[in-house]
Structures are given as structure tokens and as C-alpha cells.
Amino acid sequence: MNEHLAPPSLYPVRGAARCAIAALALAGAAWTARGLWQIRLAASGMPASGPPDQGDGRHRPLNALENDYHLVSALGVVAAVLCVITFLAWLWRVRDNARILSGQPPRHAWPWVYAGWLVPVANLWIPRAVVVDIHRASAPGQRLPRAVNWWWGLWLAGLLGEVGLGTTDQVIARAYRDVPPLLAGDAAVLGAALAGILVVRALTAAQRRPGSTEPPRQATTPPR
């Protein structure tokens with residue numbers, strides 16, 4: 001009797017996808033700048049006065065290159081925050097659409113969209129699992145895009161590279177002494193950002209119904 005009824009409309013995601021892609025590109029540019037400044041620090045060599053952090057709570061005045069690196073690092077933090085906000089906003093929207101397309105509740109409850117990135121050990125696999133579930137619900141039977149595994153592997157490598165870096169002054173000291181590990185971590189984060197752009201594009205495309213123009217829809221409270 002209800003065969004003539006149109007399927008439920010999807011939430012518009014293209015705007016959220018564009019914002020997430022722009023933020024990922026910005027984060028990639030910020031980490032590229034970090035790497036370039038670390039190379040400049042390594043090439044300049046440690047000043048005769050030693051590292052900025054002299055120990056015992058003592059810090060010497062920074063030179064111009066070190067001051068510039070502090071600015072680049074701060075801009076990187078801003079870019080990372082914007083990336084987190086826009087990516088999670090997009091992820092929430094495509095998760096809702098995946099529920100509409102499949103007619104089934106998501107396998108992971110809504111708190112995991114956020115907590116999955118923060119809970120130790122769980123943050124090693126939950127965010128990828130959320131993305132994989134969204135793709136399976138949006139495009140059943142289709143192969144998972146390779147970009148998902150590249151994105152997650154590079155993200156974990158970059159996250160590991162950030163462990164134990166300490167303050168910006170301590171990072172500067174490491175750049176003077178042993179820059180290759182820092183550059184490897186920056187390269188992993190850059191790669192994760194680029195792969196993340198492909199992930200956003202792939203999942204967004206998977207949720208486009210034939211002939212759909214994504215009509216505006218009033219957001220509702222997500223199911224618990």
C-alpha cells in the first residue's frame with residue numbers, strides 16, 4: 001500500500017563536508033609549516049647559550065627563529081581545534097544519514113562519536129570503526145575505500161609521534177638535536193589530513209541518492 005511513498009530525506013552534508021575538507025587542508029598546511037620551521041631550526045644549529053629551556057625553571061630569551069616557531073605552533077593548535085570541530089560535525093551528520101539509509105540504529109552509541117577519540121585504548125580503534133560502520137550502512141556491499149585505512153594508520157603514527165614531545169621550547173631543543181623523528185611525525189599528520197579529505201569525500205558521495213538534491217531538513221535530536 002505504501003510503495004508510492006518517498007523514502008525519508010537525508011540531512012544535507014555537502015556544506016559540512018566542505019568545512020571539514022577545508023579544516024583538514026588547513027591542518028595539513030599548519031603541520032607542513034611546523035616541519036619547515038623545524039628544518040630551519042636544525043639548519044641554524046643550537047645557539048651557544050643552549051636550549052630555550054635551561055632547566056630548573058630557567059628560560060633564556062628566544063631568538064627570532066624560535067619566536068617564529070612558537071607562532072607557527074600556536075597557529076597549528078588553532079587549526080587542529082577547527083579540524084576537530086568540523087570533522088566531528090560532519091561525522092555526526094553522515095552517521096545520522098547512515099541510520100536513515102540502512103533503517104538500523106548505529107552499532108556504536110552516540111557518545112562514542114566523541115568519547116571514542118578520548119578513551120585510552122578504545123581511541124586506537126573506535127573512531128575508525130564508527131567510520132567503517134557509516135560506510136557499510138551507506139553503501140552496503142561496496143568495498144571500504146582504501147583512504148580509510150591510510151587515514152587511520154597515518155593518524156595513529158602521527159599521534160604516536162606527538163607523545164612525549166613536551167612544551168614548544170622542548171620541541172625546539174629536539175629540533176636542534178635530532179630533527180628526523182619530529183619530521184616523521186609531522187609527515188604522518190600531513191598524510192592523515194590528506195587521506196582524511198579523501199575519506200570525507202568518499203563517505204559524502206556514498207550518501208547521495210540518485211537524483212537527490214539534499215533538500216534542507218530541520219535537525220532533530222539524535223537517537224540515544
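The model shown is predicted, which means the values in this text are computed figures rather than measured ones.
- Among all heavy-atom pairs drawn from Ile172 and Pro52, the shortest one is CG2-CG, 3.9 Å.
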_Stepwise side-chain contact (heavy atoms from CB on, under 4.5 Å) check, Ile39 with Leu183_ = CA-CA 8 Å; Ile39 291 172; Leu183 297 179; 3.8 Å; yes
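- For the atom pair CG (Leu36) and CG (Leu41), the distance works out to 11.0 Å, reported to the nearest 0.5 Å.
- In terms of heavy atoms, Ser138 sits closest to Ala98 at OG-CB, 3.8 Å.
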*Is there a side-chain contact (heavy atoms from CB on, under 4.5 Å) between Trp151 and Ile197 once you walk through the steps?*
CA-CA 9 Å; Trp151 160 70; Ile197 290 173; over 6 Å; no
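- In terms of modelled atom types and a separation under 3.5 Å, the side chain of Glu162 and the main chain of Leu159 share no donor-acceptor contact.
- Nearest heavy atom pair, residue Pro105 against residue Arg99, reads CA-CG, 4.4 Å.
- With hydrophobic clusters built from ILVMFWY side chains whose heavy atoms lie under 4.5 angstrom apart, Leu190 does not share a cluster with Leu82.
- Between Arg60 and Glu66 there is a salt bridge, since at least one side-chain N of the basic residue sits less than 4.0 Å from a carboxylate O of the acidic one.
- With hydrophobic clusters built from ILVMFWY side chains whose heavy atoms lie under 4.5 angstrom apart, Leu24 shares a cluster with Val199.
- Residue Cys83 comes nearest to Ala23 through the heavy atom pair CA-CB, 3.7 Å, listed as atom of the first residue, atom of the second, then distance.
- Cluster membership check: Leu144 shares its hydrophobic cluster with Leu91, using side-chain heavy-atom separations under 4.5 Å among Ile, Leu, Val, Met, Phe, Trp and Tyr.
- One hydrophobic cluster, built from ILVMFWY side chains closer than 4.5 Å, cannot hold both Trp155 and Leu26; they sit in different ones.
- Taking CD from Gln54 and CG from Asp169, the interatomic distance works out to 10.0 Å, rounded to the nearest 0.5 Å.
- We find the CG-CG distance between Leu10 and Leu101 to be 5.0 Å, quoted to the nearest 0.5 Å.
- A 4.5 Å side-chain heavy-atom check between Pro51 and Arg177 finds at least one atom pair inside the cut-off.
- In this structure, Asp186 CG and Arg34 CZ are separated by 5.0 Å, a value rounded to the nearest 0.5 Å.
- Contact detail for Val171 and Gly166: the closest heavy-atom pair is CG2-O, 4.4 Å.
- Under the 3.5 Å distance criterion, with hydrogens and angles disregarded, no donor-acceptor pair is assigned to the side chains of Tyr11 and Gln207.
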*Would Ser44 and Tyr176 count as a side-chain contact (heavy atoms from CB on, under 4.5 Å) if you check the C-alpha gap in whole Å, the side-chain angles of each, and the deciding distance to 0.1 Å?*
CA-CA 8 Å; Ser44 69; Tyr176 284 134; 3.6 Å; yes
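- Take Ala17 and apply the side chain to side chain contact (heavy atoms under 4.5 Å, CB included) test, not counting sequence neighbours, and it matches Trp90, Val200, Thr204.
- Under the 6.0 Å distance and 45° angle rule, Arg40 counts as a cation-pi partner of Trp37.
- A 4.5 Å side-chain heavy-atom check between Leu203 and Val13 finds every atom pair outside the cut-off.
- In this structure, Ala202 and Pro145 approach most closely via the heavy-atom pair CB-CG, 3.9 Å.
- Atom CZ of Arg58 is surrounded by more than 12 heavy atoms from other residues, nucleotides or ligands within 6.0 Å.
- Between atom CG of residue Leu154 and atom CG of residue Leu194 there is a gap of 9.0 Å, rounded to the nearest 0.5 Å.
- At least one donor-acceptor pair closer than 3.5 Å links the side chain of Thr32 to the backbone N or O of Gly28.
- By the rule that hydrophobic residues join a cluster once side-chain heavy atoms approach within less than 4.5 Å of another member, Trp150 and Trp152 end up as members of separate clusters.
- Checking side-chain atoms of Arg93 against main-chain N and O of Pro12 turns up a donor-acceptor pair under 3.5 Å.
- A donor-acceptor pair is defined here as one N or O able to donate and one able to accept, closer than 3.5 Å; such a pair exists between the side chain of Asn63 and the backbone of Leu65.
- Considering only heavy atoms from C-beta on, Leu182 comes within 4.5 Å of Arg174 through its side chain.
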In a table with atom names and distances, give each donor-acceptor pair under 3.5 Å that connects a side chain of residues 113-136 to protein atoms at least two apart or in another chain.
| from | atom 1 | to | atom 2 | distance (Å) |
| --- | --- | --- | --- | --- |
| Trp117 | NE1 | Val113 | O | 3.3 |
| Asn123 | OD1 | Val121 | N | 3.4 |
| Arg128 | NE | Asn149 | OD1 | 3.0 |
| Arg128 | NH2 | Asn149 | OD1 | 2.8 |
| Asp133 | OD1 | Arg107 | NH2 | 3.2 |
| Asp133 | OD2 | Arg107 | NE | 3.0 |
| Asp133 | OD2 | Arg107 | NH2 | 3.4 |
| Asp133 | OD2 | His108 | ND1 | 3.0 |

_Determine whether Ile21 and Arg18 satisfy the following criterion, side-chain contact (heavy atoms from CB on, under 4.5 Å), listing intermediate values before the conclusion._
CA-CA 5 Å; Ile21 288 171; Arg18 291 192 193 102; 5.8 Å; no
